[in-house]
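Only a predicted model underlies this, so the values are computations on that prediction, with no experimental measurement involved. Labels below follow one simple rule: chain letters A, B, ... track the order of the sequence lines, proteins then strands, and each chain is numbered from 1.
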Protein chains: 2
Amino acid sequence: MTPVTAAERSDAARNRERLLLAARELIEQGGAAALTMDRLAEQAGVGKGTVFRRFGSRAGLMLTLLNDSEAAFQARFLFGPPPLGPGAPPLDRLIAFGAERIAYVLEFGDLVLAAGDASRGRFEVPAAALWNRHVEMLLREGGVDSPEPWLMAGSLNATLDPERLLHLIREHGVTRERLAASWRELVTRLVISAEATR
Amino acid sequence: MTPVTAAERSDAARNRERLLLAARELIEQGGAAALTMDRLAEQAGVGKGTVFRRFGSRAGLMLTLLNDSEAAFQARFLFGPPPLGPGAPPLDRLIAFGAERIAYVLEFGDLVLAAGDASRGRFEVPAAALWNRHVEMLLREGGVDSPEPWLMAGSLNATLDPERLLHLIREHGVTRERLAASWRELVTRLVISAEATR
DNA sequence: GGAGTAAACGGACCGTAGTCCGCTTATATT
DNA sequence: AATATAAGCGGACTACGGTCCGTTTACTCC
């Protein structure tokens, strides 16, 4: 039986495994900065062209490396237990969403940063569209009836920009808790404003 | 009389003029993308090392090129006529501030983008600290008593991130007016929330 | 098994930002 | 005017991300 999508050639599959393994090794040793495309190719015993054929760009590679944890994060806010997942009041879910994003950025810092370096900008990340829709939905449920909910949600998400968060943490010593509290204040005020004008 | 700060050597001054002139020429011809450090050095008839000695980095050069217009912008919101400058209600000034920033980013698009590429991140831009303080002040005057006004102001400014704005405009066809309206809605809701909890 | 073919491969190559260091020159001092 | 010196200069050099294209190889069909 011929597969609908052409099957991956065996050498391609083998090289993908090698590359992913080598990438994780390099990062474990020297952080994301130590992962250059040349070194990766060498470490994996593969030509440089192969690396780019596989992942498109350095940012694409980082995205692939983050894929699992990103999927897990998405599953948690889409289907997981409250307050992050469904079942809790929208404001609580919004607050939890921000706190979890901050924790996520903190955990994978450099990787997330490097993943955002795609030439077409860090707003092309497919996941970003999902976060936007999620925040948009929670805002609407929270009574924040915006004429342009998509833009409003985008504004809120811009607030969680990894570069900004990491800059505040690393250069200004701001703690994760303070960032989460600031996010909480922001979204709470929005919901309050919706209640006030009802 | 010896100047307090060592005077600039005459050849250095001459080269600075040459470089700035050449930079504006290159940008006029082919946009910011056409300004590479090698080309700039060649066009100005100086060595590459001189370019970097003068401006530190490509981002530093862009910052220098933007210096005048940035100073003008600052003067307008600090001392200019209302509603941007002092004299108008804080909410009106906030709204105007966002609208003007958006217009600014739109006008100098690529330059602003390139200026944010500094290795140490686009939050080191000295001007950013000023915008933050300004927004912080307007929030306080508007009754938004935040436990961490600095972070709250930073969040709002993150919303005006040039990369985000330009992405929305260029890739999604969002107009300046819609962006300004979204900003207006955001800050208005914050002020409303302050009034509601008074 | 052999031939045909499209996918995958590899590494030389390019353009870029940024560094380094031996040389040059403007300026201050006498 | 001669000298000293530190600021300035230039361009070869490096590291990096990304592209290109001639060559190799896994799979398919007979």
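The residues A:Glu8 and A:Arg54 are annotated as salt-bridged, a charged nitrogen and a carboxylate oxygen being separated by less than 4.0 angstrom. Taking a cutoff of 4.0 Å between a charged side-chain nitrogen and a carboxylate oxygen, B:Asp110 and B:Arg170 qualify as a salt bridge. Note on B:Glu28 versus B:Arg24: no salt bridge recorded, every NZ/NE/NH1/NH2 to OD/OE distance being 4.0 Å or above. One finds a salt bridge joining A:Glu136 and A:Arg140 here, because a Lys/Arg side-chain nitrogen approaches an Asp/Glu carboxylate oxygen to under 4.0 Å.
When the nucleotides C:dA6, C:dG10, D:dG10 are ranked by their closest atom to the side chain of A:Thr50, C:dG10 comes out on top. Here the side chain of B:Asp38 is nearest to one of C:dA17, D:dC16, D:dC27, namely C:dA17. Closest to the side chain of B:Arg58, from the set C:dG18, C:dA8, C:dA26, is C:dG18. Residue B:Arg9 places its side chain closer to C:dT27 than to any other of D:dC27, C:dT27, C:dG18. When the nucleotides C:dA26, D:dG17, D:dG18 are ranked by their closest atom to the side chain of A:Thr36, D:dG17 comes out on top. Of the candidates C:dA8, C:dG18, D:dC27, C:dG18 carries the atom nearest the B:Phe52 side chain, counting heavy atoms from C-beta on.
Residue contacts for A:Arg16: at a heavy-atom cut-off of 4.0 Å it reaches no nucleic acid atom on any strand shown. Using a 4.0 Å heavy-atom criterion, one finds that A:Arg14 contacts no nucleic acid atom at all.
Proximity of A:Ser57 to the phosphate of D:dG17: no side-chain N or O atom is located under 4.0 Å from OP1 or OP2. Close to D:dC9, at under 4.0 Å from its OP1 or OP2, lies a side-chain N or O of B:Asn15.
The distance from atom CZ of A:Phe55 to atom C1' of D:dG17 is 15 Å, rounded to the nearest whole Å. Between A:Gln43 atom CD and C:dG10 atom C1' the separation is 18 Å, expressed in whole Å. The CZ atom of A:Arg18 sits 12 Å away from the C1' atom of C:dC9 (whole-angstrom rounding). If you take CE of B:Met37 and P of C:dT19, they are 10 Å apart, rounded to a whole angstrom. With rounding to whole Å, A:Leu40 atom CG is found 12 Å from D:dG18 atom P. A:Glu8 places its CD atom 14 Å from the C1' atom of C:dC9, with the value rounded to the nearest Å. Atom C1' of nucleotide C:dA17 and atom CZ of B:Arg54 are separated by 19 Å, given to the nearest angstrom. Going from atom CZ of B:Arg53 over to atom P of C:dG18 covers 16 Å, rounded to whole Å.
On a pure distance criterion of 3.5 Å, no polar donor-acceptor pair joins the side chain of B:Lys48 and the base of D:dA12.
With A:Leu156 as the fixed residue, the side chain to side chain contact (heavy atoms under 4.5 Å, CB included) test singles out one of A:Leu138, A:Leu151, A:Val135: A:Val135.
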